[in-house]
Chemist: 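The structure under discussion is supplied below as structure tokens; questions concerning it will follow.
By convention here, the first residue in the shown sequence is residue 1. All figures in this text were calculated on a predicted structure; none of them were measured in a lab.
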Amino acid sequence: MNARTLTVPGRARARRAANSSVVEAAARWGFVARGVIYLLVGALALHIAFGGSGRQADRGGALTQLSEQPFGSVLLWALGAGLTGMALWRLSEALFGAAGADGHKARKRLLSAGRCLFYGFVAYSVLAFAAGESSSGSGSSDRQSQDVTARALELPGGRWIVGLAGAGIVAAGAWIAVRAALRKYRKHLKQGGMSRRTRRLIDVTGVAGGVARGVLFAALGIFVLSAALSYEPEKAKGFDDTLRSFAETPAGPWLLVLVAAGLVLFGIFSFAMARVRRV
């Protein structure tokens, strides 16, 4: 018996594990966890839009808000576990392909790999915060963004590195918004058992929430680009300062209200996806 005959059964077992009900449950719990974070960030941004201040409208602020609730520690561990499940599901897609006719294409697998890394980082920060390392999860996203930008600018070709990163974030934001507006999420839904009311809810929250999320990422990328062009890392912003900047536009706080409400809707959309998405 050679090594090849041993690896084939091993791959088959790994593929069955990736398609198991455990991975499906992990993915669905991951959507719930994502929904909680966006719901809280959106609510904090709405509070700012209507004159509130203090708490950061970003992941750190959301975690702090959650930790202050009854059984806050349990909720934080559950949130971290859900995000870990999301990362593992995306890893299984990167290794074995996603659901759907084109799920095995290289582009889809690369996207899944990138999402795995992103959710893995977020899960780590939430779990570290739950374990008592408050600086891991609750630090200001604005300060973190400026620190990372400053270190990157000090590297050889740092201005190009930061500029390309900013352009990539802008492109990602535009991609998120356009896909939401075109309702690309529909191809991932379990269409058979959905009522008309559920379809309407998913379309309203999916389009409005996805566009708001894309606008937020695109604006964040523009600030990173500005930091690269001016060689001033303090011009880079995290989620909180980016959201607050919407209130400084000619539209005033109402643009912030629209984006913040969209983030709340995206949270609701994530809850719906936990039930109706094919995984």
Chemist: Do Leu88 and Val23 touch side chain to side chain, with heavy atoms closer than 4.5 Å?
Modeler: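 Contact flag for Leu88/Val23 side chains = no.
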
Chemist: Quick check: do Phe246 and Leu258 have side-chain heavy atoms less than 4.5 Å from each other?
Modeler: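 The answer is no; the side chains never approach within 4.5 Å.
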
Chemist: Before accepting this row, confirm whether a basic side-chain N of the pair Arg151/Glu154 lies closer than 4.0 Å to the acidic partner's carboxylate O.
Modeler: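 Glu154 and Arg151: not salt-bridged.
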
Chemist: OG1/Thr84 to CH2/Trp77 distance, rounded to the nearest 0.5 angstrom?
Modeler: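 The OG1 atom of Thr84 sits 9.5 Å away from the CH2 atom of Trp77.
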
Chemist: As an exercise, state the distance from CG of Asp240 to CD1 of Ile48, rounded to the nearest 0.5 Å.
Modeler: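 Here the rounded value is 5.0 Å.
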
Chemist: To the closest 0.5 Å, what do you measure between CZ (Arg197) and CZ (Arg200)?
Modeler: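 One gets 9.0 Å once the value is rounded to the nearest 0.5 Å.
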
Chemist: Hey, does Tyr38 have a side-chain heavy atom less than 4.5 Å from the side chain of Val264?
Modeler: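 Val264 vs Tyr38: side chains apart.
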
Chemist: With a 4.5 Å limit on heavy-atom distance, are the side chains of Ser145 and Thr149 in contact?
Modeler: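 SC-SC contact between Ser145 and Thr149 confirmed.
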
Chemist: Measuring from Ile268:CD1 to Thr205:OG1, what's the distance to the nearest 0.5 Å?
Modeler: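 One finds 7.0 Å between CD1 of Ile268 and OG1 of Thr205.
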
Chemist: Just checking Arg275: does its CZ atom have more than 12 heavy atoms from other residues, nucleotides or ligands closer to it than 6.0 angstrom?
Modeler: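 Open: at most 12 neighbouring heavy atoms sit under 6.0 Å from CZ of Arg275.
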
Chemist: Would you check if Leu127 and Leu79 make a side-chain contact, meaning some heavy-atom pair closer than 4.5 Å?
Modeler: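 Leu127 vs Leu79: side chains apart.
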
Chemist: side-chain contact (heavy atoms from CB on, under 4.5 Å) between Leu63 and Leu40: does it pass, once the steps are laid out?
Modeler: CA-CA 9 Å; Leu63 294 181; Leu40 290 174; over 6 Å; no

Chemist: With the 4.5 Å side-chain cut-off for hydrophobic clustering, are Trp29 and Leu39 part of the same group?
Modeler: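 Same hydrophobic cluster.
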
Chemist: Out of the candidates Phe118, Phe239, Trp175, only one should pair with Phe217 under the ring-ring contact (aromatic ring centres under 6.0 Å, His included) rule; please name it.
Modeler: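 One option only clears the test, and that one is Phe239.
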
Chemist: Should we count NZ of Lys190 as having more than 12 external heavy atoms under 6.0 Å?
Modeler: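 For Lys190, atom NZ is crowded (more than 12 foreign heavy atoms under 6.0 Å).
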
Chemist: Taking the side chain as every heavy atom from C-beta outward, state whether Leu44 and Gln56 have any pair of such atoms under 4.5 Å apart.
Modeler: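 A side-chain contact is absent here, since even the closest heavy-atom pair is not under 4.5 Å.
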
Chemist: Taking all heavy atoms of Ser230 and all of Arg159, pick out the closest pair and write down the distance.
Modeler: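 Nearest heavy atoms, Ser230 then Arg159: C-NH2, 4.4 Å.
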
Chemist: Out of curiosity, does Ile169 fall in the hydrophobic cluster containing Leu117 (side-chain heavy atoms, cut-off under 4.5 Å, transitive links)?
Modeler: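 Not linked; separate clusters.
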
Chemist: Working note: Leu46 + Leu263, criterion side-chain contact (heavy atoms from CB on, under 4.5 Å); need CA distance, chi angles, decisive distance, verdict.
Modeler: CA-CA 10 Å; Leu46 281 172; Leu263 296 180; over 6 Å; no

Chemist: To the nearest 0.5 angstrom, please state how far the CZ atom of Arg277 sits from the NE2 atom of His188.
Modeler: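 Atom-to-atom, Arg277:CZ and His188:NE2 are 4.5 Å apart.
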
Chemist: Just by distance, no angles: are the side chains of Thr198 and Ser195 close enough, under 3.5 Å, to form a donor-acceptor pair?
Modeler: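 Judged by distance alone, the side chains do pair up.
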
Chemist: So, for Ala274 and Val32, which heavy atoms are closest and what is the spacing to 0.1 Å?
Modeler: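 Looking at all heavy atoms of both residues, the closest pair is CB-CG2, 3.7 Å.
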
Chemist: Taking the six-membered ring for Trp and the single ring otherwise, decide whether the centroids of Tyr124 and Phe121 are under 6.0 Å apart.
Modeler: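 Between Tyr124 and Phe121, the centre distance exceeds or equals 6.0 Å.
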
Chemist: Of the non-hydrogen atoms in Thr242 and Gly238, which two are nearest, and what is the gap between them?
Modeler: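 Looking at all heavy atoms of both residues, the closest pair is OG1-O, 2.7 Å.
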
Chemist: Any side-chain donor paired with an acceptor under 3.5 Å for Arg34 and Ser270?
Modeler: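 Note: Arg34 and Ser270 side chains meet the donor-acceptor criterion.
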
Chemist: Do Phe50 and Leu265 share a hydrophobic cluster, counting only Ile, Leu, Val, Met, Phe, Trp and Tyr and linking them when any side-chain heavy atoms are less than 4.5 Å apart?
Modeler: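 Yes, Phe50 connects to Leu265 through the hydrophobic network.
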
Chemist: Quick check on the hydrophobic clustering: are Leu164 and Phe223 connected, directly or via other members, by side-chain heavy-atom contacts under 4.5 Å?
Modeler: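 No, Leu164 and Phe223 fall in different hydrophobic clusters.
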
Chemist: Does CH2 in Trp160 sit with more than 12 non-hydrogen atoms of other residues, nucleotides or ligands closer than 6.0 Å?
Modeler: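 No - once you tally the heavy atoms of other residues, nucleotides and ligands closer than 6.0 Å, there are 12 at most.
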
Chemist: For Ala180 versus Gly206, what's the shortest heavy-atom pair and its separation?
Modeler: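 Minimum heavy-atom contact is CB-O, 3.7 Å.
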
Chemist: Mind running side-chain contact (heavy atoms from CB on, under 4.5 Å) on Leu220 and Lys237 for me, showing each step along the way?
Modeler: CA-CA 6 Å; Leu220 192 150; Lys237 299 181 185 294; 5.9 Å; no

Chemist: Is the closest side-chain heavy-atom distance between Trp89 and Phe31 below 4.5 Å?
Modeler: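 The answer is yes, as the side chains (C-beta and beyond) meet within the 4.5 Å cut-off.
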
Chemist: Apply the test side-chain contact (heavy atoms from CB on, under 4.5 Å) to residues Val259 and Leu243: give CA-CA distance (whole Å), side-chain angles for both, the deciding distance (0.1 Å), then the verdict.
Modeler: CA-CA 8 Å; Val259 175; Leu243 283 166; 3.9 Å; yes

Chemist: Do Phe269 and Ile176 belong together in a cluster built from hydrophobic side chains that touch within less than 4.5 Å?
Modeler: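 Shared cluster, yes.
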
Chemist: Just wondering, do Leu229 and Lys235 contact through their side chains at under 4.5 Å, heavy atoms?
Modeler: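 Contact flag for Lys235/Leu229 side chains = no.
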
Chemist: Measure the CG-CZ distance between Leu83 and Arg59 for me, rounded to the nearest 0.5 Å.
Modeler: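 Those atoms lie 9.0 Å apart.
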
Chemist: How far apart are the closest heavy atoms of Ala167 and Leu225, and which atoms are they?
Modeler: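 So the two residues come closest at N-CG, 3.8 Å.
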
Chemist: Looking only at heavy atoms, what is the nearest atom pair of Pro253 and Ala49, with distance?
Modeler: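 Distance-wise, the nearest heavy atoms are CB-O, 3.8 Å.
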
Chemist: Would you mind checking if Arg244 and Glu248 are paired as a salt bridge, meaning a charged N to carboxylate O distance below 4.0 Å?
Modeler: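 Result for this pair is no, no salt bridge flagged.
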
Chemist: Spell out, as yes or no, whether a donor-acceptor pair under 3.5 Å connects the side chain of Arg90 to the backbone of Cys116.
Modeler: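 Here the side-chain-to-backbone pair does not exist.
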
